[in-house]
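Presented below is the structure to which this report refers.
A quick note: this is a predicted structure, and the numbers were derived from the prediction, not measured.
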Amino acid sequence: MLTRTPAVLGSILIVALLVVGCDRFPASSGSASDDPHYSEQQFDELVAKSPLTLIKFGAPWCGPCRMLDEELPNVTGDVEIVSINVDNNPELSARYRISGIPHMIMFRDGQRIDERTGYYSAGELSKWAAGFSHSSDPAL
């Protein structure tokens, strides 16, 4: 029994590394160094230039972030979407207190108005954005 214990523990370790470690590697051939670094001024200009901006904070090694990245091109409505790599932009991540990814912040006219953490479908994100668009605001 004792001679089989190391083999069993080794098998468990290999399975655990495969399951836990699989999200540590990007699915695409792009690297984190391909993602831009934004200064705080560049970021402020980025969110101010569009009436409605959805900023997604994530990382290429994050499985849910990659799943969300597949949904973002299908989001409908008058919203600009920008992805920020938390590894390349630690100052912005600290500024907005990003503690879990994917994390999305909705900006309207440069002001933070709402945020969500986790995976959402394109339909859910489209409905979320529609609630903040200028075209849905009867006062405008």
Side-chain angles (χ1 to χ4, degrees):
M1 178 77 172
L2 291 177
T3 58
R4 292 176 43 193
T5 303
V8 170
L9 290 175
S11 298
I12 291 171
L13 179 61
I14 290 171
V15 170
L17 286 173
L18 288 173
V19 171
V20 174
C22 67
D23 282 343
R24 296 284 182 207
F25 303 98
S28 67
S29 61
S31 68
S33 62
D34 295 337
D35 295 328
H37 170 80
Y38 294 94
S39 69
E40 290 197 20
Q41 179 181 352
Q42 289 170 320
F43 182 83
D44 292 341
E45 290 170 1
L46 180 72
V47 298
K49 75 176 184 177
S50 178
L52 190 64
T53 308
L54 186 156
I55 302 292
K56 186 222 60 169
F57 288 88
W61 49 262
C62 166
C65 298
R66 290 193 314 260
M67 290 172 45
L68 183 60
D69 287 340
E70 293 176 11
E71 295 293 319
L72 293 177
N74 301 315
V75 173
T76 60
D78 296 328
V79 60
E80 181 174 346
I81 300 171
V82 177
S83 292
I84 303 285
N85 182 331
V86 295
D87 293 332
N88 290 352
N89 296 279
E91 300 87 6
L92 289 175
S93 301
R95 177 181 178 183
Y96 290 102
R97 295 184 172 99
I98 306 301
S99 60
I101 55 174
H103 187 88
M104 295 164 287
I105 302 177
M106 189 75 69
F107 289 84
R108 183 173 175 181
D109 298 322
Q111 300 297 312
R112 180 165 73 179
I113 55 173
D114 200 10
E115 51 194 282
R116 294 183 176 183
T117 302
Y119 170 82
Y120 289 86
S121 70
E124 292 169 318
L125 293 172
S126 298
K127 284 176 69 174
W128 183 42
F132 296 111
S133 72
H134 283 295
S135 60
S136 67
D137 190 346
L140 298 175

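Shortest non-hydrogen contact noted between T76 and S126 is N-OG, 2.9 Å. Counting all heavy atoms, side chain and backbone alike, P73 lies closest to E70 at CD-O, 3.6 Å.
In this structure, the ring of F43 has its center less than 6.0 angstrom from the ring center of F107.
Classification of R95 and D44 as a salt-bridged pair holds, one side-chain N sitting under 4.0 Å from a carboxylate O. Under the 4.0 Å criterion applied to side-chain N and carboxylate O atoms, K56 and D69 are assigned as salt-bridge partners.
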Are E115 and Y96 close enough, and set up right, to give a side chain to side chain contact (heavy atoms under 4.5 Å, CB included), and what steps lead you there? CA-CA 10 Å; E115 51 194 282; Y96 290 102; over 6 Å; no

Using the rule given for side chain to side chain contact (heavy atoms under 4.5 Å, CB included), can you reason through T53 versus I55, listing the C-alpha separation, both sets of side-chain angles and the distance that settles it, and then say yes or no? CA-CA 6 Å; T53 308; I55 302 292; 3.7 Å; yes

Under the criterion side chain to side chain contact (heavy atoms under 4.5 Å, CB included), I'd like the reasoning laid out for I113 against L52: C-alpha separation, chi angles, the key distance, then a yes or no. CA-CA 10 Å; I113 55 173; L52 190 64; 4.3 Å; yes

Show the numbers, then the answer: is there a side chain to side chain contact (heavy atoms under 4.5 Å, CB included) between V47 and D109? CA-CA 7 Å; V47 298; D109 298 322; over 6 Å; no

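Within the model, atoms CG of N89 and OG of S83 stand 11.0 Å from one another, a figure rounded to the nearest 0.5 Å. Separating the NZ atom in K49 from the CD atom in E80 is a distance of 4.5 Å, to the nearest 0.5 Å. Between atom SG of residue C62 and atom CE of residue M67 there is a gap of 9.5 Å, rounded to the nearest 0.5 Å. Taking OG from S93 and CZ from R97, the interatomic distance works out to 13.0 Å, rounded to the nearest 0.5 Å. Atom CG of L46 sits about 13.5 Å away from atom CD of E40, to the nearest 0.5 Å. Taken from CG in N85 to CZ in F57, the straight-line distance is 11.0 Å, to the nearest 0.5 Å.
When each of D114, V82, V79, I105 is tested with L54 by the rule side-chain contact (heavy atoms from CB on, under 4.5 Å), just one qualifies, namely V79.
The closest side-chain heavy-atom distance from L68 to M104 is below 4.5 Å. Between P51 and D78 there is no side-chain heavy-atom pair separated by less than 4.5 Å. A 4.5 Å side-chain heavy-atom check between T117 and P102 finds every atom pair outside the cut-off.
In this structure, the side chain of S121 engages the main chain of E124 through a donor-acceptor pair within 3.5 Å. Side-chain atoms of Q111 never come within 3.5 Å of backbone atoms of R108 as a donor-acceptor pair (strictly under, hydrogens ignored). Of the possible polar contacts, one joining the H37 side chain to the N88 backbone as a donor-acceptor pair under 3.5 Å is found.
With no hydrogens or angles considered, a side-chain donor-acceptor pair links E71 and Y119 at under 3.5 Å.
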